[in-house]
Amino acid sequence: MVHWGIISTANINRRVIPAIRASEQGDLLAVASRDAERAGAYAAHWEIPHAFGSYSSMLDSDLIHAVYISLPNHLHAEWTVKSLEAGKHVLCEKPLALPLEEVDRMIAASEASGLVLAEAFMYRHHPQMKLVGEWVHHGRLGDISLVRGVFNFTIQNRENIRLDPNAGGGSLWDIGVYPVSMAQYVMGGPPERVFGDQWIGDTGVDETFVGQLLYSQNRHAQISSSFRTPFYTLVEILGTEGTLTLNRPFVQLDDERQLIFCPATGEAQILPVPEKELYLGEIEDMNTAILDGKPPYLTLEESRNHVRTVLALYESAQRQMLVELD
Ligand SMILES: NC(=O)c1ccc[n+]([C@@H]2O[C@H](COP(=O)([O-])OP(=O)(O)OC[C@H]3O[C@@H](n4cnc5c(N)ncnc54)[C@H](OP(=O)(O)O)[C@@H]3O)[C@@H](O)[C@H]2O)c1
């Protein structure tokens, strides 16, 4: 069994805790918080056996083999590297880090320690994405020319870390990375050039971002993210043989999930998608990587390219010009 510990009492843990418990080879043993009282109360609420009043004290403990890092974005690199140096495998929330140098430091720490590091892009592990892979990578959509992806929701609380520029806030870092990663998965790599535009709110982060991603052979992606409309998400993948639409590409809502194929001629088909708890796949994948030595499904090169693309989009929005990826 993989003995898991969670670094922080973040909101998103409520999805990952049941997934660790539902996994056959994982067990949740500990939670760490900056505040001992909060750690204790959290452990009691979630029935977690051990609570630590600092992240370091959990890393010093032999109780756990792997940590799930759900800290604000600007702290991912620091605590991933510390965890790996303390001998713990790491599942780190998206995006892996903000500057590329930090991503490289995380990858180097994983290589030096021989321990597993993976980005927690849960949607990539859902059965829906296995189907998408079959359609787009086995030619069933023909030649793909365009991926369009949107992810929006409204932020009510102005204290939310997503609005803090010093914590890696911004709609592109938070939810725009989903359509960016979807486009990268479908196109088989990062874009060659990007153009971005953003609407910056009063806290100094992009509350809306719109991006054009340009690939070789006249292929394109259009992505957008916003904190300023009600919840909305959609992905469309357009090929010469038809269009594949995902109405719930990045969220659970199984009973509303539809994968629709509209062929070039003929009637639209709704493709059945097996139901699976959205966060279970990333935990099962980590457990297998740790116990059996199988490389994680989402590679660190892919995660690094997510960050490269986002950085290029922000640079483009700032300079109002097309930016080539290095
Ligand atoms: N995969 C997904 O579906 C998904 C969904 C939402 C968010 N996320 C990602 O998960 C991460 C956390 O997001 P969240 O919305 O769950 O965060 P959150 O509720 O705001 O919690 C962040 C936690 O980090 C700890 N922390 C340490 N230093 C902090 C600081 N300076 N400011 C604020 N908190 C600090 C706090 O825990 P303690 O005080 O207990 O230490 C806090 O509870 C982000 O990277 C986000 O991108 C992923």
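If you're wondering where the values come from, they're calculated on a predicted model, not measured in any experiment. Note that ligands are numbered from 1 as they come in the structure, with each ligand's atoms numbered from 1 the same way. Only heavy atoms go into these numbers, but all of them, side chains included; no hydrogens, no water, no symmetry mates.
Using a 3.5 Å distance cut-off with no hydrogens or angles, the side chains of Ser8 and Ser70 do pair a donor with an acceptor. No hydrogens or angles considered: nothing links the side chains of Thr240 and Asp143 as a donor-acceptor pair under 3.5 Å. Defined by atom type and a distance below 3.5 Å, a donor-acceptor pair is missing between the side-chain atoms of Gln184 and Ser181. Neither side chain, Glu284 nor His125, offers a donor N or O lying under 3.5 Å from an acceptor on the other.
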Phe209 and Tyr314: ring pair (Phe, Tyr, Trp, His ring centres under 6.0 Å), yes or no, with the steps?
CA-CA 9 Å; Phe209 199 100; Tyr314 275 127; 5.4 Å; yes
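Within 4.0 Å of ligand 1, protein heavy atoms come from Ser8, Thr9, Ala10, Asn11, Ile12, Ser33, Arg34, Arg38, Tyr55, Ser70, Leu71, Pro72, Asn73, Leu75, His76, Glu93, Lys94, Ala120, Met122, Ile161, Arg162, Asp174, Tyr178, Tyr279.
For Arg105, there are no side chain to side chain donor-acceptor pair (under 3.5 Å) partners two or more places apart in sequence or in a different chain.
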